[in-house]
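A short worksheet on the structure shown next.
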Amino acid sequence: MNPIRQIQELGQSLWYDNIRRGLLDSGELASLIAQGITGVTSNPTIFEKAIDGSHDYDQAIAQIAPTVGSVDALYDALVLEDIARGADLLRPVYENTKGRDGYISIEVPPTMAEETDATIQEAHRLFRALDRPNIMIKVPATPAGIPAIRQLIADGVNVNVTLIFSLDAYRQVIDAYLKGLHERQSRGLPNDRVASVASFFVSRVDTLVDRLIDERGLDADLKGKAAIANAKLAYQLFLERFQSPEFEALKAKGAMVQRPLWASTSTKNPDYPDLLYVEALIGPDTVDTLPPATVDAILDHGRAARTVDQDVDAAQDVINRLEAAGISMKDVTAQLLDEGVKSFHKSFVALRQSLEKKSRVQHEVSPGVFSLGGFQDNLDATINQLNHDRAVPRLWDHDASLWSDAPEHQAIIKNALGWLTVPAAVLEDVPHLESFLNQLVLEGFQAAVVLGMGGSSLVSDVLVHTFSGGRPRLSLHVLDTTDARAIEHLTQQLPLEHTLFIVASKSGSTTEPNAFYHYFWHVLERRGLDPARQFIAITDPGTSMHKEAQARRFREVFLNPADIGGRYSALSWFGMVPAALYGLDVRQLLTGALAMQEAAQNPDAGENPAARLGATLGALAKAGRDKVTLIMPDPISHLGDWLEQLLAESTGKLGTGLVPIAHEPVLTPAEYSQDRVFVVYQWRDEAPGIATDALKAAGHPVIEYHLTNPYQVAQEFYRWEVATAIAGAVLQIDAFDQPNVQESKDNTKAILGKLENGRLPDEALMEGPKGIRWTASEALKSDDLQSTLKKLYDLAGASSYLAIMAYIEPTAEADHAVSHLRTRLSALTGRPTTFGYGPRFLHSTGQLHKGGPATGLFVQIVSQDGPRLEVPGDGYDFLTLMQAQALGDYQSLQAHGRAVVRILAPHPATQTIEMLADWAH
Ligand SMILES: O=C(CO)[C@@H](O)[C@H](O)[C@H](O)[C@H](O)COP(=O)(O)O
Ligand SMILES: O=C[C@H](O)COP(=O)(O)O
């Protein structure tokens with residue numbers, strides 16, 4: 001047994017009086033914990049040494065500094081991360097000792113040592129921000145600190161009282177602790193998890209007393225004795241107060257003792273043994289916090305023997321002799337307290353100064369390369385206009401008139417710009433997210449499924465794909481289809497008893513996530529599991545889903561700010577909760593986004609990396625180049641799906657809009673129609689997925705970005721959100737509503753309301769080959785499907801696009817078949833093609849199809865059979881739901897005069913898609 005463990009056997013916990021990021025990254029702290037260290041203390045001097053005295057934080061500072069408004073916020077971000085990570089490493093100790101041990105301490109800034117209320121507020125803020133039970137907030141035992149300690153204990157905040165030197169101050173600290181406990185008890189609150197330690201400083205007493213002895217020429221035999229004597233008397237005081245009937249009564253109700261913690265335990269006088277202050281103070285119910293060299297010395301030659309309550313009379317004798325010699329312990333300890341407060345203050349101020357210096361390092365945001373050829377003038381004119389209109393400052397001022405003067409739109413827009421500043425808000429709550437995840441992992445959760453549609457789930461899909469191949473904390477899945485086969489497959493694939501279900505719905509009333517929720521809740525119930533333990537929700541405050549989650553006691557509800565629309569919600573809880581569960585470094589995602597946020601505030605739209613993109617897309621659309629062709633390499637290819645929704649749903653209205661073309665099979669430059677603009681992403685040093693020079697030579701405008709790190713995807717989310725808002729301003733449309741998505745949702749609900757025995761009423765359909773049934777817009781209808789399709793394709797004109805919409809199970813085979821069909825259709829018509837799985841695209845390009853330019857030609861393919869998987873309590877099954885969605889959208893398209901062919905395909909639908917490809921010549 002190593003000496004640390006031997007000391008532990010005697011009732012003393014050894015903590016580590018040190019923290020530094022390198023110790024966390026290297027696993028050194030974890031290894032100390034494995035050797036028996038059961039807690040960590042920090043103080044301003046420790047953080048000064050860590051941050052100023054090492055390069056451990058330079059990268060983090062470079063990342064965070066440009067994104068946070070102040071040095072205080074930077075200090076917070078750095079320090080809280082270390083404390084949170086330390087707490088997580090110690091959490092098993094905390095759990096195993098039932099809250100007796102396993103704590104990490106963080107000190108309230110010493111600038112507040114003189115202010116009771118400020119100390120209380122700051123302690124609460126830190127405790128809340130860290131959101132872990134094994135955190136202790138350090139409050140100094142100053143006159144202002146004592147009442148704060150009582151209040152904080154009464155409020156249930158764990159407190160480490162620091163800078164205790166005198167027995168008198170220690171008495172007041174114990175009083176404050178006991179009073180806090182009494183207050184809780186009288187309020188009917190439990191005391192069993194309120195922890196506190198009293199940090200009694202040791203070696204510094206000798207440093208001062210020895211100096212006084214020397215200065216006054218007193219008996220040198222008294223040297224090196226005062227500190228231990230003072231601490232031993234403190235221990236006697238501890239015994240007296242915590243073995244009293246007063247405490248016994250509290251203990252009977254679960255209260256823990258406030259252990260004395262020996263601090264300042266390293267030997268300062270090289271003539272003294274290196275473990276002088278450690279070995280003399282070992283005994284039950286104590287903690288000793290040790291700096292690194294002292295830990296090494298203990299492991300090397302530490303001796304464990306109970307000493308703290310030995311030779312108490314001799315200790316009292318030392319103090320008596322000192323007092324008799326004219327050394328007043330009252331004066332000594334008062335001076336030490338004063339110096340102690342000042343010294344921490346000095347460290348804190350020095351650290352802030354050094355942070356200020358280090359934070360001048362700037363974060364880079366790539367502006368992109370714009371090769372617009374003949375369209376450069378269009379961009380210049382648009383930028384001039386935007387700058388003249390003060391578009392960027394007005395965006396930041398939430399000035400709705402940038403998009404519309406209509407009162408109904410102004411109302412929507414004013415309540416839709418919360419995404420501009422959400423990254424910083426989420427960043428503040430990252431410790432909460434982390435502790436939530438850690439708890440799940442502790443409980444054995446292995447997987448998480450996002451149940452949502454469109455903006456509430458696409459971001460998760462991007463993250464899963466972009467970060468695939470890593471080692472996720474929980475495997476992350478996204479369910480955003482009502483296809484019964486897909487749902488069955490997912491159900492079979494999941495470790496159901498270890499899966500967390502995330503109902504993600506801004507409005508809380510969307511049909512699909514509610515259906516998924518009802519289905520999986522029922523599946524868990526049938527297995528005898530407790531679904532509430534396995535469900536969380538992300539939604540806006542006050543939605544039906546919020547109420548449902550409260551009523552059904554979901555284990556957590558993340559309330560998203562109500563002023564963020566679905567497609568702009570990637571950097572809010574909708575994206576960041578799944579990201580955290582997947583094990584991504586959410587801080588890195590958010591700080592990257594924050595760097596873009598700062599850059600996006602540049603009022604000159606031409607120099608603003610996000611506004612310039614929006615200006616370009618808007619200007620090009622007005623010049624007839626509205627097909628935004630996204631060339632996205634792996635691993636960021638799914639960003640294309642997210643962008644598709646953002647652009648189409650935001651701008652596709654009032655007969656105008658950007659038409660995003662994602663996942664289109666690459667053509668030769670000459671094959672591309674003259675209504676395109678290309679946005680080409682290059683991944684690391686791989687060649688771009690398309691010959692950009694040839695595109696430029698063929699007269700196409702090209703915008704290029706280069707990503708080298710998957711975490712940059714968050715920066716792109718932010719760039720494109722601003723760009724879309726600005727493009728909306730250029731096109732003079734409300735970029736924040738989605739009337740035609742709502743229209744399809746309403747149509748579906750109406751159809752579902754008219755079901756006969758849970759089934760759709762019969763529809764007049766024509767019989768096609770191989771069991772296909774079909775119909776089409778009146779103007780297209782002919783005797784057979786093939787000629788009807790031909791009529792549709794013949795309508796393709798100079799600015800048309802062909803939209804394939806497939807309500808089938810999303811699979812790799814289906815992707816492949818669709819890709820083949822798209823290639824054939826491009827060759828046949830020379831027109832861009834789009835593709836979307838239903839019902840997912842309804843929440844995305846669905847808006848553009850109906851509200852955007854009347855240039856779409858539509859082919860709808862619907863799986864006509866499949867397993868009958870009930871949606872519990874809703875009166876229909878998933879197949880019926882999906883068919884109702886397809887029919888609802890078909891009706892909407894018809895109502896908008898769009899040309900549509902509707903095909904109901906037998907399983908497997910890929911055969912039908914292949915047949916359509918064969919016919920396309
Ligand atoms: O207060 C605690 C623990 O609660 C410690 O971190 C405490 O601040 C340190 O042990 C002392 O500041 C170290 O003092 P010293 O060894 O430099 O005199
Ligand atoms: O893009 C958003 C989808 O339409 C889903 O909406 P929701 O988050 O309100 O459920």
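Atoms within a ligand are numbered from 1 in the order they appear, just like the ligands themselves. In what follows, every heavy atom counts, from backbone to side chain, and hydrogens, waters and symmetry copies are set aside.
- In summary, the aromatic rings of Y519 and F516 are positioned with their centroids too far apart to meet the 6.0 Å limit.
- Here the NZ-OG1 distance, from K138 to T119, works out to 14.0 Å after rounding to the nearest 0.5 Å.
- Of the options R840, K745, K850, a salt bridge (charged side-chain N to carboxylate O under 4.0 Å, His left out) to D889 is made by K850 and by none of the others.
- Of the charged side-chain nitrogens involved, at least one lies within less than 4.0 Å of a carboxylate oxygen, so that R21 and D82 count as a salt-bridged pair.
- Across all their heavy atoms, F201 and S264 have their closest contact at CD2-CB, 3.8 Å.
- The aromatic rings of W15 and Y103 sit tilted, their planes meeting at an angle between 30° and 60°.
- Taking a heavy-atom cut-off of under 4.0 Å, ligand 1 is surrounded by D17, T41, N43, K138, N160, T162, S199, F201, R204, L261, A263, S264, S266, K268, T289, F344.
- Separation of the F717 and Y568 ring centroids does not fall under the 6.0 Å cut-off.
- Ion pairing between a basic and an acidic side chain is recognised when a charged N comes within 4.0 Å of a carboxylate O; R100 and D285 show such pairing.
- Residue-level contacts of ligand 2 at the 4.0 Å heavy-atom threshold are M453, G454, G455, S456, S505, K506, S507, T510, Q645, K745, H843.
- Taking the six-membered ring for Trp and thresholds of 30 and 60 degrees, F501 and F535 have nearly parallel ring planes, at less than 30 degrees apart.
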